[in-house]
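What follows is a single structure, written as structure tokens, with notes after it.
A, B, ... follow the sequence lines: proteins, then strands. Residue 1 opens every chain.
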Number of protein chains: 2
Amino acid sequence: MSRLSDIIERFIKELMRDANTDMLEIQRNELADHFNCAPSQINYVLSTRFTVDKGYYIVSRRGGGGFIRIMKLDTETIPFVGYLIFEHIGDSISQLDASRILANIEEKGIITPRERAIMEAATNGRSLNVFSPPKDVVRAKLLKSMLSVLITD
Amino acid sequence: MSRLSDIIERFIKELMRDANTDMLEIQRNELADHFNCAPSQINYVLSTRFTVDKGYYIVSRRGGGGFIRIMKLDTETIPFVGYLIFEHIGDSISQLDASRILANIEEKGIITPRERAIMEAATNGRSLNVFSPPKDVVRAKLLKSMLSVLITD
DNA sequence: TAATATTAATAGTCAAAGAAAGTCAAACAG
DNA sequence: CTGTTTGACTTTCTTTGACTATTAATATTA
């Protein structure tokens with residue numbers, strides 16, 4: 001008996017293939033119903049099979065009319081970025097190396113100077129300099145840092 | 001199933017755009033009738049989508065001939081972002097609030113959709129979901145996450 | 001007529017119910 | 001032991017409705 005998670009994974013991928021799209025919106029409960037499983041099973045599938053590392057990006061919203069949007073990253077469009085994400089960067093990277101990458105892809109015209117600045121802001125030491133981080137505290141620093149780029153000349 | 005609140009929000013914004021004005025007066029009950037909903041639904045839409053944070057200001061009057069006046073504030077980019085950074089955000093911010101701010105400044109044209117996506121990527125839960133973080137590990141996640149935006153449709 | 005009271009027409013508030021999705025840990029299977 | 005499945009509990013967002021508050025118009029009274 002093939003694992004349920006695998007079946008759901010295949011199902012989602014087939015939906016995308018059949019609809020010939022890189023973006024799919026599902027209702028968690030509906031899908032869970034379809035497979036007769038706990039809704040949280042869907043979360044499990046998404047968080048193990050549809051990660052950035054595996055080439056997917058997820059956005060969702062709760063409440064009435066909520067949804068889960070699954071986006072497939074298009075590695076054809078910018079192969080170099082795909083290479084960076086899936087092969088080059090790995091599980092850990094120094095600030096210096098990150099900065100080099102950003103400079104490089106800006107020079108290649110893949111990102112604008114402003115976008116580079118945003119990413120520098122997010123990844124520099126100042127933003128990430130927290131020890132035991134209440135997540136929101138980190139996030140606030142990150143966001144402020146990124147926003148400040150917009151008003152710096 | 002698109003949310004009623006979203007539909008009403010769009011309706012109001014289109015009214016303003018079409019009339020090419022920054023000031024619009026509506027009758028609460030009339031609008032509620034038009035959408036076949038509870039009048040207080042209109043209040044809900046106004047108080048979640050037309051806040052000062054989002055650049056709108058509301059004035060209203062009850063009684064016969066009452067009305068709700070919706071004014072779009074002319075927020076100068078720099079002061080507004082400065083306000084966000086130095087006053088509004090504070091020391092801690094939830095992912096949700098961060099997301100709202102980003103949606104807002106995109107709508108105002110302060111950042112591009114792509115820049116918004118970059119910042120969302122940097123500030124969402126998945127990126128920051130680390131407890132005792134070797135800084136580089138966090139950074140790698142962040143960077144990958146941000147880069148992935150570039151190859152998302 | 002001028003002042004005052006009443007009524008009808010609005011809008012506001014708040015809390016409960018409903019509709020999703022998220023989290024986490026325990027149980028389970030290979 | 002690792003990865004999967006489940007379910008109880010939480011959080012977020014929306015919708016509705018009963019009740020309240022305010023204002024303009026109208027009727028009444030001094």
Categorize [X] for me: base, sugar-phosphate, or nothing, with a 4.0 angstrom heavy-atom threshold over every strand shown.
| X | value |
| --- | --- |
| A/N43 | base |
| A/R69 | nothing |
| A/S40 | base |

d([atom1], [X]; [atom2], [N]) in whole Å:
| X | N | atom1 | atom2 | result |
| --- | --- | --- | --- | --- |
| B/L96 | C/dA21 | CG | P | 15 Å |
| A/Q41 | D/dG3 | CD | C1' | 11 Å |
| A/Y44 | C/dA27 | OH | P | 18 Å |
| A/E9 | D/dG3 | CD | P | 15 Å |
| B/N36 | D/dG17 | CG | P | 11 Å |

Checklist entry - Ignoring hydrogens and angles, are the base of D/dT11 and the side chain of A/R62 linked by a donor-acceptor pair under 3.5 Å? => result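 Donor-acceptor pair under 3.5 Å: yes.
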
Checklist entry - Ignoring hydrogens and angles, does a donor from either the side chain of A/R28 or the base of C/dA20 sit under 3.5 Å from an acceptor on the other? => result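 For A/R28, whose side chain was compared with the base of C/dA20, there is no donor-acceptor pair (under 3.5 Å).
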
Item to check | Side chain A/T51, main chain A/T48, donor-acceptor under 3.5 Å | outcome: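 Such a contact is absent between A/T51 side chain and A/T48 backbone.
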
Checklist entry - Is the side chain of B/R3 donor-acceptor paired with the backbone N or O of A/G64 at a distance under 3.5 Å, no angle test? => result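 The answer is yes, because a donor-acceptor pair under 3.5 Å joins these two groups.
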
Checklist entry - To the side chain of A/A38, which of D/dT5, D/dT6, C/dG12 is closest? => result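 Looking only at side-chain atoms, A/A38 lies closest to D/dT6.
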
Next on the checklist: By nearest atom, which of the nucleotides D/dT15, D/dT23, D/dT4 is closest to the B/R61 side chain?
Outcome noted: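 The closest nucleotide is D/dT23.
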
Item to check | Cluster overlap B/I12 with B/V59, hydrophobic side-chain contacts below 4.5 Å | outcome: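 No; B/V59 is not reachable from B/I12 via cluster members.
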
